[in-house]
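The structure appears right after this line, and notes come after that.
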Amino acid sequence: MESLRCQIERFALVCNPHYIHEQKQATSQKLTFDNFTDILEYLKDDRSSLHSCLLVSRDWFKMVVPLLWYRPFAHKLEKEKAALIIRTYVSCLEEQGRLRLMADGIKFHDLPKPFIDYPRYLRAFDFEHFCQAIDDSVSTLEISNPACGIITTLCREVLGYSLCNRSYGLRILKMDLLNVELYGPFLDIATIPGIENVLSNLQRFEILYLFETEDETSKRLTKLFTLMSSCSRNINSISIIIHRMRTHLPTYFIESLAQLIQSQNKLSALSLNQFWDASSSAIIFSAMLKQAETLIYLRFTPKNEYNELIKVLKSCTNLETLELLDLSPTKDNDMRYFNVPRNILNIKKLYCYDDWVNSEDIVMTKALILNMCTENLRVLTLESAIPAIMELIGEYCSRITTLSISISSNYLQNLLELISQLPLIHLTIGKTSRNNTDKFNFTSEILQRFINSIPSTLISFGINFIIETENLAYLLREFPVQLKVISLYETKMSCDEVLYIILEYAIARRSLKELRYEMRKSRYMTSFSENMLSLARRIIPIIKQVKHFGDPIYEDYFETHYDY
């Protein structure tokens, strides 16, 4: 039998001339210089390419610098790069700022003032990575007075200067405050002169906060939320995730957050976990109702507050995406407390995540939501679906084109009946069980039923379960449609043997355009070898890693729905 490498070589020789011929036939278009600014926008997250573009010409340099410096702390930086960025910001300080640093024993040597005013381009600020950069920078400095508040001083001078004296204003503010420690005093940014102008055009605000006890940090944050309620009125995306350690948040703190939500002119995306207690529930839901008509995306942890949530959902006339986390069970005898209308949610995308694996009670919780959905629903993600839920999907949501669902092995036949009824384009199947021995038992009969159940519209197939390689080979060989995308969410399936089977499919069908796989989280586990990946990239145009099947989508949503 011809080896896979030989097949790949032959496939490449056959396909490449055809590709070249098509490229020659394509109509060439001339680009004007004005087009390059828009083109470079697509490279804003590719810093290596942008650095290369800097050297093209003076005009290119002027176009690229704002893209390199709009969000310097978007990710955790290597120590040397972090220190260099902080050093660059310090070099932009006026003489008074440098003297204040020197007075506190902080010395930066050989810092000529740059020709570029880098702070003016700051549009997005990520507090966590900024703090890490400050730490890395401090570790490289010559400090004559270690007892002084070096970090606080450096933060105030660098960021205070960048924000208030030079920046044209932030569009994004992310505050990850799970570990503030030395940075607590700096959080009193509401008192910095000029901060109102910096925050006046804010479009996206996210906070992740661990509340342990009422202290100065919570009071400073309350001041910030209150200030933002008056100066940041055009935020379109807000995410508030607060974890509390066996204690209640102060009422004034919750009220300031509710005021921030309520004060926005047109809030389109809102993400909340349940950080309040029963006594403060009305405050939060009142603020949500204020924005209900403009919300396009809502991520929420309902717990047992379904009655209040339904009141909000009734008013969400423009809601397109609903993401519900940590659903709790609702029994039949609880339903009489809910005034549940039918067909009020015109949402297109519904994501439901829960920890109640195979709980019969939770069927009522999901039924509560599915009952409100209309035929507009196109995307559905469900964890731990049972037969009754799958029947509801078939009855209420018959036009779904993207289905991601995890089930127990006992319900595989029910799932096959469901997918045969839907006009699916994208299908991902997962196995839900806390018992690792619960595996899909793919007999030859079930495999054939699986193949017969595949809708003719399908182009993308995701696997979040373990399947024997011989069964996978048979499944792909007999697959009744031409797949363009294959996704592997079960990390144990990310091995060379599986990749070999997928490559055989790609060569035989010539339809596969993309392979997605979840990266192993443990260094003791193996994944695809570099040799096999190198071979695969010659056949499959796109090969990329994806996050876990059950991870919420809100980060992806927030990263793609804003302007700078």
Side-chain angles (χ1 to χ4, degrees), residues 236-239 261 266-274 281 284-330 334-354 362-386 388-405 418 421-426 552-554 556-558 561:
N236 54 45
S237 298
I238 292 179
S239 175
I261 295 171
K266 193 175 180 180
L267 189 65
S268 61
L270 179 63
S271 172
L272 298 174
N273 73 323
Q274 194 185 42
S281 179
I284 296 294
F285 279 100
S286 177
M288 292 174 65
L289 278 169
K290 176 71 175 178
Q291 300 293 343
E293 292 184 1
T294 63
L295 284 178
I296 297 174
Y297 168 90
L298 176 62
R299 175 183 183 260
F300 193 68
T301 306
K303 296 298 182 182
N304 294 314
E305 297 182 316
Y306 292 106
N307 206 15
E308 291 79 4
L309 176 61
I310 290 170
K311 292 178 183 178
V312 172
L313 293 178
K314 284 181 180 179
S315 302
C316 290
T317 53
N318 294 300
L319 192 65
E320 295 180 358
T321 302
L322 176 61
E323 188 174 8
L324 300 176
L325 279 68
D326 298 331
L327 297 177
S328 55
T330 303
D334 295 327
M335 293 293 289
R336 58 192 175 91
Y337 295 110
F338 302 135
N339 181 18
V340 184
R342 175 81 179 98
N343 288 345
I344 64 163
L345 284 180
N346 288 312
I347 59 173
K348 298 176 182 177
K349 301 177 182 179
L350 174 63
Y351 302 85
C352 292
Y353 306 96
D354 60 83
I362 205 169
V363 68
M364 297 312 303
T365 300
K366 294 174 181 175
L368 193 71
I369 304 300
L370 289 171
N371 181 68
M372 291 188 289
C373 294
T374 69
E375 291 290 317
N376 287 332
L377 191 66
R378 295 293 183 270
V379 178
L380 177 62
T381 292
L382 280 181
E383 287 191 311
S384 59
I386 64 176
I389 284 292
M390 287 184 263
E391 291 178 11
L392 288 174
I393 296 172
E395 180 180 355
Y396 297 151
C397 315
S398 59
R399 296 184 182 178
I400 290 174
T401 58
T402 300
L403 177 65
S404 299
I405 190 168
L418 172 64
Q421 304 170 22
L422 301 175
L424 294 176
I425 298 175
H426 308 278
I553 66 157
Y554 79 98
D556 296 333
Y557 184 93
F558 273 52
H561 288 74

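Quick note: residue numbers are just sequence positions, from 1.
Ser315 is listed as a side-chain neighbour of Leu289, based on a closest heavy-atom distance under 4.5 Å. Counting only heavy atoms from C-beta outward, the side chains of Leu403 and Leu422 approach each other to under 4.5 Å. Residues Val379 and Ile400 form no side-chain contact, since every pair of their non-hydrogen atoms from C-beta on lies 4.5 Å or further apart. Side chains of Asn376 and Leu345 form no contact here, defined as non-hydrogen atoms less than 4.5 Å apart. Taking 4.5 Å as the limit, every side-chain heavy atom of Leu418 sits out of range of all side-chain heavy atoms of Glu391.
In terms of the ring pair (Phe, Tyr, Trp, His ring centres under 6.0 Å) criterion, residue partners of Phe285 (sequence neighbours excluded) are, by chain and number, Phe300. Residues passing the salt bridge (charged side-chain N to carboxylate O under 4.0 Å, His left out) test with Glu375, sequence neighbours excluded: Arg399.
Annotation: the span from Ile347 atom CD1 to Glu323 atom CD amounts to 11.5 Å, rounded to 0.5 Å. Note: Glu383 CD to Ser404 OG = 10.5 Å, rounded to the nearest 0.5 Å. Distance check: Ser237 OG to Tyr297 OH gives 9.5 Å after rounding to the nearest 0.5 Å. Atom CE of Met372 is separated from atom CG of Leu350 by 9.0 Å, given to the nearest 0.5 angstrom. With rounding to the nearest 0.5 Å, the separation of CG in Leu313 from CG in Leu298 is 6.5 Å. Remark: Ser239 OG to Arg299 CZ distance equals 6.0 Å, nearest 0.5 Å.
With Thr294 contributing its side chain and Gln291 its backbone, the two residues share a donor-acceptor pair below 3.5 Å. Between the side chain of Ser268 and the backbone N or O of Asn236, at least one donor-acceptor pair lies under 3.5 Å.
For the residue pair Glu305/Ser281, the side-chain donor-acceptor check at 3.5 Å is satisfied.
Summarising the geometry of Asn371 relative to Tyr396, their closest heavy-atom pair is OD1-OH, 3.7 Å, with the distance given to 0.1 Å.
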